[in-house]
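Report on one structure; see the data block that follows.
In this chain, residues are counted from 1 in sequence order.
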Amino acid sequence: MTNAEFDKLAEILQRVGDAMNLETLDGFFAALICGPDNVLPSEYLPEIWGADNEPIFETKLILHEFISLVTRHWNAICHTLQSSDVYLPLLLDDENGVAHGNDWANGFMRGMEMRRDAWAVLMDDEEHAGSLIPIFALAHEHNPDPEMRPYNEPISAEMREKLIVGAAAAVAAIYAYFEAERTLGARQSGTVTTFRRDAAKVGRNEPCPCGSGKKFKHCCARATFH
C-alpha cells in the first residue's frame, strides 16, 4: 500500500465510531495472522470499528474503499510472513517524532484476546513464551495498575528500540510456531484462504468479501450510512 492509501485508511478509521487507529490495527492484524486460528473478517471487522458501535459510513463507496484498504493491508502482512520477509510494525510518531509502539502492542493483545484459549499453548510453553515479553512490556508500559508495568522507571529510548525490534521479531517467530496448527485447522474446517492484492467492488447480492458466506447486503453492507 502507498502512503496515500495508508493516509486514507487512517482518515476513514478516525471517522468511524470508536475504531482502532492505524497502529492498533496493524498490531491487531499481526496477532490474528501469526496466531493459532484462522479468523474471518466477519469476526474481526466489528472489533476494528468497535464491537459495541454500529459503524457509520458517509457513502457505500467509502465502505467499499474501507474494506478494500483493510483487506489489502491484511494481505500485505500475510505476504510478508509467508515469504519470510522482515515484518516491520506500522508505528505512528507522536508530536516529537517518537514512535512508542504502545498502540501496536495493545492491538496485538486485542488480537490474542479473540483466541485466548488457543494462545494459552504458547503462554505455557517455557521455551517459546519469551517471544511475547517485548509485546507485553510495550502493552503494559502505562497500565493503570503499577504492578502490571514492566519497569519502575520510564523506558529509555534505547530500551524502547530494543523492545520494538523484539516485538517485530516475535511476530515472525510466533507465525512459525503456530503454522502447523493453522494449517491443520484450515484443513479440518475446509477453509481455503486466498490472498489478493486488491479487493474488487462487490454487488449487494454477491458474497461478502469478508468470507462470512453471507450476501454482502446481509453482512458488511449493513453498516449505517449518512
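- Between Ile33 and Arg182 there is no side-chain heavy-atom pair separated by less than 4.5 Å.
- Under a 3.5 Å cut-off, the side chain of Ser68 and the backbone N or O of His64 do not form any donor-acceptor pair.
- By the criterion of side-chain heavy atoms lying less than 4.5 angstrom apart, applied directly or through intervening Ile, Leu, Val, Met, Phe, Trp or Tyr residues, Val39 is grouped together with Val121 in one hydrophobic cluster.
- Heavy-atom minimum distance, Asp37 versus Arg115: OD2-CD, 3.0 Å.
- Expressed to the nearest 0.5 Å, how far NE2 of His142 lies from CD1 of Ile155 amounts to 7.0 Å.
- Relative ring orientation between Trp104 and Tyr87 is described as tilted, the plane-to-plane angle lying within the 30° to 60° band.
- Residue Met123 is grouped with residue Leu138 when hydrophobic side chains (ILVMFWY) are merged at heavy-atom distances under 4.5 angstrom, including chains of intermediate members.
- Taken from CD in Glu47 to CG in Leu25, the straight-line distance is 12.0 Å, to the nearest 0.5 Å.
- The distance from atom CG of Leu163 to atom CD of Glu158, rounded to the nearest 0.5 Å, is 11.0 Å.
- Across all non-hydrogen atoms, the minimal contact from Leu13 to Ala19 is O-CB, 3.3 Å.
- At a threshold of 4.5 Å between non-hydrogen side-chain atoms, the residues Arg15 and Ile62 count as touching.
- Atom CZ of Arg110 is separated from atom CD of Glu113 by 10.5 Å, given to the nearest 0.5 angstrom.
- Taking 4.5 Å as the limit, every side-chain heavy atom of Asp103 sits out of range of all side-chain heavy atoms of Asp26.
- Looking only at side-chain heavy atoms (C-beta outward), Trp49 and Val70 stay at 4.5 Å or farther from each other.
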Stepwise side chain to side chain contact (heavy atoms under 4.5 Å, CB included) check, Trp119 with Leu122
CA-CA 6 Å; Trp119 277 89; Leu122 175 59; 3.9 Å; yes
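- The closest side-chain heavy-atom distance from His140 to Met109 is below 4.5 Å.
- Within 6.0 Å of CG in Asn152 there are 12 or fewer heavy atoms belonging to other residues, nucleotides or ligands.
- Annotation for Asp85: atom CG counts as buried by contact number, over 12 foreign heavy atoms lying within 6.0 Å.
- The distance from the OG atom of Ser131 to the OH atom of Tyr175 is 15.5 Å, given to the nearest 0.5 Å.
- Heavy atoms of other residues, nucleotides or ligands lying less than 6.0 angstrom from CD of Glu11 number more than 12.
- When every heavy atom of His100 is checked against every heavy atom of Val98, the shortest pair comes out as CD2-O, 3.6 Å.
- Side-chain atoms of Asp94 come within 3.5 Å of backbone N or O of Asn96 as a donor-acceptor pair.
- Looking at Ser156 and Tyr151, their side chains never come closer than 4.5 Å, going by heavy atoms from C-beta outward.
- Contact record, Pro144 with Pro146: O-CD, 3.2 Å, taken as the closest heavy-atom pair.
- With hydrogens and angles ignored, the 3.5 Å screen pairs a side-chain donor or acceptor of Glu5 with a backbone N or O of Thr2.
- With a 4.5 Å cut-off on side-chain heavy atoms, Phe29 and Leu90 do not count as touching.
- Linking Ile, Leu, Val, Met, Phe, Trp and Tyr whenever their side-chain heavy atoms come within less than 4.5 Å leaves Phe178 and Ile133 in two separate clusters.
- Of all heavy-atom pairs spanning Arg149 and Asn143, the tightest one is NE-O, 2.6 Å.
- Linking Ile, Leu, Val, Met, Phe, Trp and Tyr residues whenever their side-chain heavy atoms come within less than 4.5 Å leaves Val165 and Ile135 in two separate clusters.
- Hydrophobic clustering of Ile, Leu, Val, Met, Phe, Trp and Tyr side chains at less than 4.5 Å, counting indirect connections, keeps Phe6 apart from Leu88.
- Aromatic ring orientation, Tyr177 versus His128: tilted (interplanar angle from 30° to 60°).
- Going from atom CG of Leu63 over to atom CD1 of Ile12 covers 9.0 Å, rounded to the nearest 0.5 Å.
- Considering all non-hydrogen atoms of both residues, Ala168 and Pro89 come closest at CB-CD, 3.6 Å.
- Using a 4.5 Å heavy-atom cutoff, the side chains of Arg160 and Ile164 are in contact.
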